[in-house]
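Quick notes on the structure that follows.
In this text, all values refer to a predicted model and were calculated from it rather than measured experimentally. Heavy-atom basis, side chains included; hydrogens, waters and symmetry copies ignored.
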Amino acid sequence: MDGVLYIVATPIGNLDDITYRAVKVLSDVDLIAAEDTRHTLKLLNHLEISKPLISYYKETEKVKSKIIIEKLKEGKNVAVVSDAGTPGISDPGAILCSMAIEENIPVTAVLGPSAFVQALITSGFDTSDFSFYGFLPVKENVRKDFLKNLKERKETLIFYESPHRIDKTLSSMFEAFGAERRVVISRELTKIHEEYLRGTLGDMIDFPEDAKRGEFVIIVEGAKNIESDTDDDKIIECIKEYLEKGYSLKESVGIVSDELNLRKNYVYNIAKKI
């Protein structure tokens with residue numbers, strides 16, 4: 001029988017965030033595929049776990065995935081981990097998962113920390129509707145065009161960024177979204193020096209030098225709408241129209257919010273009056 005591929009989330013900073021199930025899986029598997037074997041070895045030593053390791057980073061992802069698939073076909077159970085957080089979320093893991101599925105090899109996830117989730121739920125922004133984009137394009141013109149296409153998005157926007165690019169990224173966001181758009185920049189999450197910088201993009205354009213350490217999660221509030229310009233009765237009338245056509249309440253809210261350029265949670269609260 002084929003082995004099982006375990007996608008294992010590991011702490012993003014505080015080692016106490018490891019789950020009991022993650023410890024058990026890492027203790028039981030035959031092989032651990034690690035983004036950086038040196039980094040993972042520190043975690044395994046902390047957990048008093050000794051297992052064979054194979055490096056599995058972005059530049060070798062396709063080649064190493066084939067090797068790991070062969071190990072799985074031999075019946076070996078394999079855990080894939082990234083340096084921090086959940087594999088596949090802006091980290092290696094997605095290609096291996098896809099290849100395993102194509103080979104009908106069992107795949108399961110061992111849930112745990114994810115930096116963007118922690119940053120989102122501590123941002124104070126809307127968590128009912130959001131989009132995660134990971135790292136932005138490196139080329140300035142491509143990055144600026146990408147962000148301009150997001151200017152009118154109403155949901156909360158989430159990005160990752162590194163210390164040496166934070167200035168350029170915030171400058172591009174300032175240009176695309178405007179000075180008044182609210183933003184929360186999180187750094188050193190779960191660590192001793194965990195920090196949340198809150199304000200507008202205008203406030204963040206001169207990013208403090210002493211804060212340029214660690215990986216960043218940038219949470220940008222969605223575009224605001226002048227919701228008072230749309231009468232509640234009109235929204236209810238539109239919702240009823242789609243309900244009568246056979247759409248669910250959730251589908252109707254989504255369609256009407258897009259048609260009237262309103263937040264989904266705003267339309268939903270009005271729809272509850274029906």
Side-chain angles (χ1 to χ4, degrees), residues 9-14 16-17 82-86 88-91 111-138 140 143-227 257 261-266 268-269:
T10 55
I12 57 177
N14 191 323
D16 289 340
D17 288 336
S82 60
D83 288 349
T86 304
I89 305 298
S90 290
D91 280 329
L111 302 181
S114 178
F116 89 81
V117 174
Q118 173 162 341
L120 173 64
I121 62 178
T122 54
S123 68
F125 297 158
D126 183 13
T127 60
S128 65
D129 191 10
F130 62 88
S131 293
F132 171 69
Y133 294 98
F135 289 94
L136 286 166
V138 176
E140 185 176 5
R143 181 174 65 251
K144 287 183 176 181
D145 288 342
F146 185 88
L147 289 170
K148 284 177 182 178
N149 288 331
L150 302 178
K151 181 180 180 180
E152 303 300 327
R153 302 291 300 187
K154 299 182 290 294
E155 74 274 21
T156 303
L157 308 176
I158 308 172
F159 308 89
Y160 282 165
E161 196 47 274
S162 60
H164 65 279
R165 288 178 47 192
I166 187 71
D167 284 335
K168 292 179 180 179
T169 292
L170 290 175
S171 177
S172 296
M173 288 181 173
F174 179 92
E175 185 177 322
F177 302 140
E180 298 306 312
R181 184 72 69 92
R182 291 202 300 163
V183 63
V184 177
I185 302 173
S186 306
R187 57 180 292 274
E188 300 289 274
L189 292 176
T190 76
K191 300 177 183 178
I192 295 175
H193 300 293
E194 177 176 293
E195 185 176 16
Y196 300 91
L197 302 172
R198 306 175 190 274
T200 66
L201 284 169
D203 299 327
M204 300 298 175
I205 200 64
D206 293 318
F207 197 76
E209 286 294 328
D210 59 355
K212 294 177 183 177
R213 296 189 303 274
E215 296 293 329
F216 297 96
V217 184
I218 304 173
I219 311 288
V220 180
E221 189 173 32
K224 293 287 187 180
N225 299 290
I226 305 175
E227 292 157 343
S257 62
N261 194 32
L262 299 171
R263 290 181 181 273
K264 286 183 181 178
N265 59 344
Y266 176 80
Y268 178 74
N269 286 333

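- Heavy-atom contacts from other residues, nucleotides or ligands closer than 6.0 Å to OH of Tyr268 number 12 or fewer.
- Here CG of Asp145 is found 11.0 Å from CG of Leu150. Values are rounded to the nearest 0.5 Å.
- The main-chain N or O of Glu194 is never found under 3.5 Å from a side-chain atom of Arg187 such that the two would form a donor-acceptor pair.
- Separation of atoms CD1 (Ile219) and OG (Ser123) is listed at 5.5 Å; rounding is to 0.5 Å.
- The nearest pair of heavy atoms linking Met173 to Phe159 is CE-CD1, 3.4 Å.
- Other residues, nucleotides and ligands contribute over 12 non-hydrogen atoms within 6.0 Å of the CG atom of Asn149.
- Using modelled atom types and a 3.5 Å distance limit, the side chains of Arg182 and Thr200 yield no donor-acceptor pair.
- In plain terms, the two heavy atoms of Lys154 and Ser257 that are nearest each other are CE-O, 4.1 Å.
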- Residues Ile218, Val183; criterion side chain to side chain contact (heavy atoms under 4.5 Å, CB included); working and verdict: CA-CA 7 Å; Ile218 304 173; Val183 63; 3.7 Å; yes
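- Scanning all heavy atoms of the two residues, the minimum distance from Thr156 to Asp126 falls at OG1-O, 2.7 Å.
- Inspection of the Ser131 and Glu155 side chains reveals an N or O donor paired with an N or O acceptor under 3.5 Å.
- For the pair Lys151 and Ala223, the tightest heavy-atom approach, listed with the atom from each and the gap, is O-CB, 3.5 Å.
- Rounded to the nearest 0.5 angstrom, Ser162 OG and Lys168 NZ are separated by 10.0 Å.
- Residues passing the side chain to side chain contact (heavy atoms under 4.5 Å, CB included) test with Ala9 are Thr86, Pro113, sequence neighbours excluded.
- Classification of Lys144 and Glu175 as a salt-bridged pair holds, one side-chain N sitting under 4.0 Å from a carboxylate O.
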- Message: Go through it in stages, so that I can follow the logic: the residues are Ile158 and Val220, the test is side chain to side chain contact (heavy atoms under 4.5 Å, CB included), and I'd like the CA-CA distance, side-chain angles, deciding distance and then a yes or no.
- Response: CA-CA 6 Å; Ile158 308 172; Val220 180; over 6 Å; no
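- Applying the side chain to side chain contact (heavy atoms under 4.5 Å, CB included) test to Asn14 and every residue at least two apart in sequence or in another chain returns Asp16, Asp17, Thr190.
- To the nearest 0.5 Å, atoms CD (Glu161) and OG1 (Thr169) are separated by 3.5 Å.
- Ring centers of Tyr160 and Tyr133: at least 6.0 Å apart, outside the cut-off.
- Between Pro163 and Arg213 there is no side-chain heavy-atom pair separated by less than 4.5 Å.
- Between Glu140 atom CD and Ser171 atom OG the span is 7.0 Å, to the nearest 0.5 Å.
- Residues Val138 and Arg165 have side chains in contact (heavy-atom distance under 4.5 Å, counting atoms from C-beta outward).
- Once rounded to the nearest 0.5 Å, the distance linking CD of Glu215 with CG of Leu189 reads 10.5 Å.
- The nearest pair of heavy atoms linking Phe174 to Gly202 is CE1-CA, 3.8 Å.
- Heavy atoms only, all atoms of each residue included: Ala119 and Ser186 are closest at CB-OG, 3.8 Å.
- The pair Glu209-Lys212 counts as a salt bridge, with a side-chain nitrogen and a carboxylate oxygen less than 4.0 angstrom apart.
- Relative to the ring axis of Phe177, Arg181 places its NZ or CZ within 45° and under 6.0 Å from the centre.
- With sequence neighbours excluded, the residues satisfying side chain to side chain contact (heavy atoms under 4.5 Å, CB included) with Thr122 are Tyr196.
- A centroid separation of less than 6.0 Å is found between the aromatic rings of Phe207 and Phe216.
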